[in-house]
Structures are given as C-alpha cells and as structure tokens.
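Heads up, the thing below is written out as structure tokens.
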Amino acid sequence: MSLIQPRTLKGFRDYLPAMMIPREGMMQTAREVFRSYGFSPIDTPVLEYLEILTGKGSDETDRQIYRFQDNGGRDVGMRFDLTVPLARFAAQHAAKLGMPFKRYHIAPVWRGENPQAGRYREFVQCDFDTIGTESVLADIEAVAVINRLLSTLGFDRFTIHVNNRVVLSGLLEHLGLADQTVPILRSLDKLAKIGRDKTAAEMCEAAGVTDAQAESVLRLAECDGDAETVLAQLPEITGGNEKAAAGIERLTQIYQGAIASGVPASRLHLDVSIARGLDYYTGVIFETTLDDLPGIGSVCSGGRYDNLAGLYTKQHLPGIGASLGLDRLLAAMEQMDLLPDASTPASVLVTFFEKSYRDDYLRLAANLREAGIAAEVYPDAKKLGAQLKYADQRGFPMAVIAGGNEWSEGKCQIKTLATKSSEEINYSHDQPGELIARIKQCLDAKQNSAD
RNA sequence: GUGGCUGUAGCUCAAUUGGUUAGAGCAUCGGAUUGUGGUUCCGAGGGUUGGGGGUUCAAGUCCCCUCAGCCACCCCA
C-alpha cells in the first residue's frame, strides 16, 4: 500500500518540544501578568456564525476568514482574532459579567493570508481587554500591561508606539475631509515606504484631496520627536480643531499616566503617523516593535474601540485592549537566538543502572517529584554513557547515578551535566532531604548563571 | 489573492555544456568499551533529487503544472 505523505498545510506548523517548552512558558508568563492586573480568563468557540465575524471587519479581513458550511448547512467561520468574539461574548453575557469587565484570552486564531517569516495562518494571540468603561485609566493600564508583558518575557529593547486616531480625524474634520478617513489612513500608512511625494499623490487620487489638504495631513504625520515636543506641536498642526484638541489631551494623559505607572519614557513613542490597526479602532492605538528586529513587525498591537459591540447589542460597550502575537514573538526569539535548547521539561534524569534496583530508582524519582523536582527515570538499563549522552542532549541539567555500591552505602551520585562533575550524597528513601536540598541548590545555581 | 527567488539524506552542501549505480561532512544507530556522556577508530541504515507530467537515446540539470519556504504588494500578531 502507498504511504500518505506526512505534511502540514501552508502557513500551519508543528511545534517540537524545544519550541513548545518556551512557548508554553510564554503563555504562562502572559497569564501571570494579566492576572496581576485583575484580568480574568475566558474562552470562546473556535467556530462562530459567519455573520458574527464578518460584521465589523473590512473587506480585506472578511476575505481572510476561513469559512465553510457545517454539516447542518450553517455558514460558519473560524475566528480571525479574539476581539470580535469578545464583542459578541460581551453583548451576550453583559448582564452576568457586570461592567467594567476585564478579561484575558489566550488562544489560536486563523487567517487565510500568505505566510512570511513571523506570519502564519494559524497563530496564538494573547489578548487582554477592558470593556464597559471609557476611562483614560484603562488606556493607561493597557500601555502599562504591554510594557510589563514584554519585559517579563525577557525583552529590554522594545518600543511601544502610541497614537490616537481622534487627533487625525480632528484634523480631517477641520479640513472638511471627515468622510475620507479610511482612504487617507491607507495612503498615510505608506509614508515610510513610498515617501512624501508619492503619498501626497496617492492621497489626491484615492481620496480626492487638494494639495494643500494633503500637505496638512503630511505635516501631522511627520510630526516626530520626543513626547513633549510632539504634544506641544499638535494643537497648531491640527488648526485648533476642538475634536483634535480633545484627542491631544487624551494622548497627553495617556503618556503621563504611563510614565507614572513605571513605563520608561525611552520605550514610549508618540507616533502620529501610525494609522494602522483594524477598522474598528476609534481612539488610542498601539503597536509594539522590537528594537533589534523591527522587520518582523508589531508583536503587540491594540487600541480603543468604542462601538464594536454595537453590532450585537444596543447597550453601549466601549472597550480597549491589545494582543500579544505569541507565535510571532516566538519566531523573533528564534531569529535572535534567544531560545534555550532544552527539549525536556525535567530537571533530573535518574539513570537506570542495575535492573535489580528498579524499584529503588522509581522510589527515588517519586521522592524528587514530591519535592517539586521534575524527574525522569531512564527506561532501559543501557550503558551509562548512553544514558548520560541522552541526558545531555535533551538538556537535563542533572543526573542521578546509583548502582550496587551506592545503594549498599546509603548514598547516590549526582552529576551536573554541564560541568561533568559529580559528587556523592547520603540518601535513603525515608530521608531524601539531603539529596533534595543539594539538587535544588545546584539547579538554582544553574538558573542564576543562565540569567 | 498577485508577482519574484528557492526546493538534492534528519541538517549544511556537492554532482563537467543534460551523460554510468546521485556523493561528502555533521547527525542517527550498532560495535571497539558488561560503572560514567560532547575525543578516536570500525561498521550500518537512510534518497522514486518536494510531488506529477512533458522534451530527449539520456533529466537532479531544460519546459509546464502543483505543493512548500523566503521576499515584495496587500494586510497584519
């Protein structure tokens, strides 16, 4: 019979232990950070009625949704982000949840687009959102959470780009271009890539603006520098428009609040030119890039959406949140060679030396686990060298070795793989304390030297 | 979805202008070595050259299709 070729779909990937161990660690870190701010976990179905998903996205996002008819003939789709399902969830359960409501959601999403480095058709997002309040405090907190997330994950050099869409829409209102927001945003987004002149030309063509209007918009987008400078220049650039002034005031508060929350000013960049983000954003928007690998794109983006749930309920449910692109970040760490190469989560390999002591090895390993030390017993009484090689290659930091000599003397050997050094420790099944203490000491030492 | 580049063993790469049975290093497994791993030596396995079709006496090499990866557009985590 012919074999079926084992393969995965374009843009979908397997995760081997060496990748999955840090990946799970990142999820755990994200969970801990979210919980420390009071966000609660939720989950929602992978599949939604198609109409739920297509309601608010642009044509572009609609095109990227995996969709099909289920066996009952219903039109369904796989979620392409976690924010739209949240809006549905909030509209459906608002009464039970109470407002404001803070949730986090770590789960895979699917987008049928062309993959690239750090860009997949299936990837995990770590979302956190606060809904039911328009308070600037929630906006500030979002910045603080992003900062805490990235730094807890081990990053030091990253930049959180912050903007408020209201500033631009205020300017557009001032210019009488309020109804051309979307095409103008789209053109503006290309500023860094295609340059000033082409951007202006495209704006004229796509949105029908005059040269003078394009000039005003570009002046806004090109406003750059440290936060104070930008904030000081914005009122004049936006022509004293009231709406823009409110947006600038909000941006100022977010900036000051973030600083007060402990976010280093060096990591904050008020970037009036970032116009990206899904169409549903209405206020502040965020993007986070790694200073050492900007090319991989934003690893944590989000913003405020004040009427997303409006599609599903008449209740006013404003929200703000952001999403950490876990798999993109993982790809970045891989490229930057930041991933540890251990492919086992265990700390100790108990070598299987002499068959007659099988139960003693099992008992010893059980004692280690009881003390919180992950331990694996090698399954075969193979040559010791082979077992140690196995331990080293899998990334076990330590091994325990005991044969007839050790057992009869009430001892066992512990070996630190990295240094090849070993020592004898007193041990009996009833009094494992000395062994456990010493192993923990060695593991701590290794942990510290790795940091 | 559109366009460009790429695709040989698990990994990194060879293979005259198309020309015998597609090679090497590393890795894997076994042995030298029945109580101590990253060295050395010996041996073994592993490929319908991503897959399919075509041109040719002859295709890893040329052409078409397809699949996948990377890049650009678009969009985004």
Side-chain angles (χ1 to χ4, degrees), chain A residues 2-13 16 26 30 57-65 80-83 106-127 146 149-150 185-187 189-190 193-194 274-279 281 285-290 295-303 322-332 335 349 351-355 357 378 381-396 399-407 412-424:
Chain A
S2 67
L3 293 171
I4 297 164
Q5 188 194 352
R7 54 185 186 152
T8 49
L9 287 163
K10 181 193 188 84
F12 290 72
R13 344 196 283 163
L16 274 61
M26 291 166 76
S58 61
D59 293 348
E60 184 59 30
T61 55
D62 283 0
R63 209 164 59 79
Q64 292 182 357
I65 295 174
F80 71 94
D81 72 1
L82 300 176
T83 307
I106 299 175
V109 301
W110 293 268
R111 293 183 191 176
E113 62 180 335
N114 252 350
Q116 276 177 40
R119 208 171 187 190
Y120 312 106
R121 289 184 169 179
E122 175 183 60
F123 57 95
V124 164
Q125 289 194 319
C126 307
D127 267 44
I146 292 173
L149 258 182
L150 271 292
L185 279 176
R186 203 151 284 163
S187 308
D189 187 40
K190 298 176 187 165
K193 274 178 201 162
I194 66 178
I274 60 166
R276 307 164 76 184
L278 268 28
D279 287 356
Y281 293 123
I285 52 182
F286 312 113
E287 254 179 44
T288 311
T289 53
L290 301 176
I296 201 138
S298 174
V299 294
C300 188
S301 306
S323 180
L324 179 77
L326 187 115
D327 287 317
R328 174 171 290 182
L329 195 57
L330 192 66
Q335 276 190 34
L349 180 75
T351 55
F352 191 177
F353 203 170
E354 288 182 29
K355 281 184 179 168
Y357 291 99
Y378 197 83
K382 286 219 279 194
K383 287 194 308 184
L384 201 48
Q387 296 189 44
L388 290 172
K389 193 174 175 186
Y390 168 88
D392 190 50
Q393 289 176 338
R394 294 297 165 103
F396 284 89
V400 171
I401 302 168
N405 299 346
E406 284 84 356
W407 288 119
C412 65
Q413 240 185 81
I414 60 173
K415 182 155 187 147
T416 303
L417 274 301
T419 60
K420 292 184 171 183
S421 63
S422 58
E423 58 183 297
E424 289 207 324

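Only a predicted model underlies this, so the values are computations on that prediction, with no experimental measurement involved. A note on names: the letters A, B, ... follow the listed sequences, proteins ahead of strands, and every chain is numbered from 1.
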Between rG69(B) (P) and Arg13(A) (CZ): distance, integer Å: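 In whole Å, rG69(B) P lies 10 Å from Arg13(A) CZ.
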Whole-Å distance separating the CZ atom of Phe352(A) from the C1' atom of rG37(B):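 Going from Phe352(A) (CZ) to rG37(B) (C1'), I get 19 Å.
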Contact class for [X] vs. all strands (heavy atom < 4.0 Å): base, sugar-phosphate, or nothing?
| X | value |
| --- | --- |
| Gly295(A) | nothing |
| Tyr120(A) | base |
| Leu417(A) | base |
| Cys300(A) | sugar-phosphate |
| Gly404(A) | base |
| Ala418(A) | base |

Quick check: any donor-acceptor pair below 3.5 Å linking the side-chain of [X] to the base of [N]?
| X | N | result |
| --- | --- | --- |
| Arg7(A) | rA68(B) | no |
| Glu406(A) | rG35(B) | yes |
| Lys383(A) | rU34(B) | no |

Listed partners of Ala418(A) passing side chain to side chain contact (heavy atoms under 4.5 Å, CB included), at least two apart: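 In terms of side chain to side chain contact (heavy atoms under 4.5 Å, CB included), with neighbours along the sequence ignored, Ala418(A) is linked to no residue.
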Set of side chain to side chain contact (heavy atoms under 4.5 Å, CB included) partners for Ala331(A), sequence neighbours left out: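 With neighbours one apart ignored, the set is Tyr120(A), Ile296(A).
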Short side-chain to backbone donor-acceptor contact, Ser298(A) and Thr288(A), under 3.5 Å: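 A pair under 3.5 Å: yes.
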Restricting to nitrogen or oxygen on both sides, can you table the protein-nucleotides 41-50 of chain B pairs closer than 3.5 Å?
none

Qualifying residues under side chain to side chain donor-acceptor pair (under 3.5 Å), relative to Gln387(A), sequence neighbours excluded: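 If we apply the side chain to side chain donor-acceptor pair (under 3.5 Å) test to Gln387(A), skipping adjacent residues, there are no hits.
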Nearest-nucleotide comparison on RNA chain B, the residue closer to the 5′ end among Gly385(A) and Pro115(A):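 Taking each residue's closest nucleotide, the earlier one in sequence belongs to Gly385(A).
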Dot-bracket notation for RNA chain B, counting Watson-Crick and G-U pairs under 3.5 Å, with | for partners on another strand: (((((((..((((.....[...)))).(((((.......))))).....(((((..]....))))))))))))....
Among rG35(B), rG30(B), rC70(B), the nucleotide that comes nearest once only the side chain of Lys382(A) is considered: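 Minimum distance to the Lys382(A) side chain belongs to rG30(B).
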Using a cutoff of under 3.5 Å, can you pull out all pairs of nitrogen or oxygen atoms linking the protein to nucleotides 72-74 of chain B, with atom names and distances?
{"residue": "rA72(B)", "atom": "OP2", "partner": "Gln116(A)", "partner atom": "OE1", "Å": "3.2"}
{"residue": "rC74(B)", "atom": "OP1", "partner": "Lys190(A)", "partner atom": "NZ", "Å": "3.4"}
{"residue": "rC74(B)", "atom": "N4", "partner": "Arg119(A)", "partner atom": "NH1", "Å": "2.9"}

Same-atom distance (P) from rU49(B) to rC74(B), integer angstrom: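 Their P atoms lie roughly 40 Å apart.
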